[in-house]
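All remarks here apply to the structure that follows.
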2 protein chains.
Amino acid sequence: MSAAGVRARVRAEMTEEIKTVARRHLATDGANLSLRAVARDVGMASSAVYRYFASRDDLLTALIIEAYDAVGDTAEAAADQPAGGDADRFLALAHAVREWALADPHQWALIYGSPVPGYQAPQDTIGPATRVIFKIAAIVEAAYRAGQIAPGPEPTGRYAEELAAVAAQFGPDVPPRLIGAALSAYFQLIGAISAELFGQLNNSVDEDRRGFFEFQMRGAAAFIGLP
Amino acid sequence: MSAAGVRARVRAEMTEEIKTVARRHLATDGANLSLRAVARDVGMASSAVYRYFASRDDLLTALIIEAYDAVGDTAEAAADQPAGGDADRFLALAHAVREWALADPHQWALIYGSPVPGYQAPQDTIGPATRVIFKIAAIVEAAYRAGQIAPGPEPTGRYAEELAAVAAQFGPDVPPRLIGAALSAYFQLIGAISAELFGQLNNSVDEDRRGFFEFQMRGAAAFIGLP
DNA sequence: GCCATAACGAGAGCACTGCTCTTGCTTTTC
DNA sequence: GAAAAGCAAGAGCAGTGCTCTCGTTATGGC
């Protein structure tokens, strides 16, 4: 009918509805959601879903990309908020990511937990996956350019060269040490949240987990040298 | 027949064989191993396995406990090796744990990855689960008793009180700050290994991951204040 | 406007899963 | 030696991912 085509529009809507229902199932069943159950909720035969997603893994991949983008949005928005210093920007980012994870633990587990067995992340995911670390690196780089970070000893060894290659993406003279520190802070962020979500904190810090998280993230910021 | 009973001995052997085969399947299929496939490999009907493990989750729980004990053994052995300083003991522990994880990623994912959906960790697991962090805390405490750790500002807030309660388990006057730092270092250890294993390091540090891991763990040791 | 083509939804079916129940058999216990 | 308890096997149930076939419906070239 129309230029866009009725079928194309219906297809897009259908795809979106399947993903929405799947996301709802993800929140209750985790990564082992049932494609058949999703199909039942959508109101179509399970075989019809395969017109939209080639396999259950393909459906999960779509959800993974959306999750990466959601956490990326969250992180970038929080970091762009006006804040006192660069350390505060990092802390705001960290708290925002943590709260996003607490609001939907299964979605967090989907992207930062153990990979689904037999699942191989396709190329499409690597772009959105890097948004949080890139934002952290951007904060660090900005602080460095502003002369806020004191110089320190540069690492040596082969990994330092690899860090230098990554650092080159940010500019001609970014010290590899800072990229290493940013990467380390990123992993501390993920590790701290995962530890809390996956129950590693039980029976030690149960009440003020937010406070302990901030304690850890302040350590990470100090490691980078953020003011 | 014998005092122990033939049946009891056969039962113990059978239980062990099922676990051994299951561990082998774990290495290839991950946490979604099939109880039926395990039964086939052992050479018995799937229903017979239920005489030994009440459910598939029960089997996994047994494997989880063994995995916690294995990594606990590894960590303790490495830390008890004679070393230059306390930082070296921590680094030895960290490298040993990392190598254990690299040797059997699925076993690592089983205990430090996202929890299997619907699976609730029973009480039996919390004992073995704490061995690594307790060993780290012991290293920190020993260094503190020996006067090797410089005093620093103590944290405030509710989480500090919770840390103090944990610190009391180690002695009357262990600063909560050190317990917090030890806990943070433990999560950095887990986070760094998980990040490497779950593919977060791809396309940034690919060659000298051991070197970058050491860089991170030196940061953690410095955060504690280990000499 | 017609019509071949492609997309689509539904149903049946395959091989698999965790788990239960029943049915015989063997070991232990009294 | 008999009763009781432990054990292995098979059938069966409800569920899974995925494939194939078969009518139906929208699309694009003529």
Using modelled atom types only, decide if a donor and an acceptor are shared between the side chain of [X] and the backbone of [Y] within a distance under 3.5 Å.
X: B:Ser184; Y: B:Gly180; result: no
X: A:Ser204; Y: A:Leu201; result: yes
X: A:Arg56; Y: A:Leu33; result: yes
X: B:Asp206; Y: B:Asn203; result: yes
X: A:Ser114; Y: B:Ser114; result: yes
X: B:Glu162; Y: A:Asp208; result: yes

How long is the span from the CD1 atom in A:Ile133 to the CZ atom in A:Phe187, to the nearest 0.5 Å?
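So the CD1 of A:Ile133 and the CZ of A:Phe187 are separated by 7.0 Å.
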How long is the straight-line distance from CE of A:Met44 back to CD of A:Glu17, given to the nearest 0.5 Å?
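So the gap between those two atoms works out to 7.5 Å.
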How would you summarise protein contacts on nucleotides 12-17 of chain D per nucleotide, using B for base, S for sugar-phosphate only and - for none, with heavy-atom distances below 4.0 Å?
B---BB
Over 60° means perpendicular and under 30° means parallel, so classify the ring planes of A:Phe215 and A:Phe212, tilted if in between.
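Answer is parallel, since the angle falls under 30°.
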Could you tell me how the ring of B:Phe134 sits relative to the ring of B:Phe170: parallel (under 30°), tilted (30 to 60°) or perpendicular (over 60°)?
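Tilted, since the angle between the ring planes falls between 30° and 60°.
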Quick check on D:dG6: is either OP1 or OP2 less than 4.0 Å from any side-chain nitrogen or oxygen of B:Tyr52?
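Looking at the OP1 and OP2 atoms of D:dG6, neither is under 4.0 Å from any side-chain N or O of B:Tyr52.
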Does D:dG6 have OP1 or OP2 sitting under 4.0 Å from an N or O in the side chain of B:Arg11?
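So the side chain of B:Arg11 is outside the cut-off, no N or O lying under 4.0 Å from OP1 or OP2 of D:dG6.
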B:Leu60 CG - C:dC19 C1' separation (whole Å):
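So the CG-C1' distance, B:Leu60 to C:dC19, works out to 15 Å.
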To the nearest Å, give me how far apart CZ (A:Arg9) and C1' (D:dT27) are.
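The answer, rounded to whole Å, is 15 Å.
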Interface with DNA chain D, restricted to residues 13-25 of chain B and to heavy atoms under 4.0 Å
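By residue number: none to list.
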Between protein and nucleic acid, restricted to nucleotides 22-26 of chain C and to nitrogen or oxygen atoms under 3.5 Å apart, what atom pairs and distances do you find?
residue, atom, partner, partner atom, Å
C:dT26, O2, B:Arg7, NH2, 3.4

Heavy-atom donor-acceptor pair, A:Ser47 side-chain to C:dG9 base, under 3.5 Å:
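Such a pair does not exist between side chain and base.
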Determine, step by step, whether B:Phe213 and A:Tyr159 satisfy the ring pair (Phe, Tyr, Trp, His ring centres under 6.0 Å) criterion, reporting the C-alpha distance in whole Å, the side-chain angles of both residues, the deciding distance to 0.1 Å, and the verdict.
CA-CA 9 Å; B:Phe213 177 73; A:Tyr159 80 92; over 10 Å; no
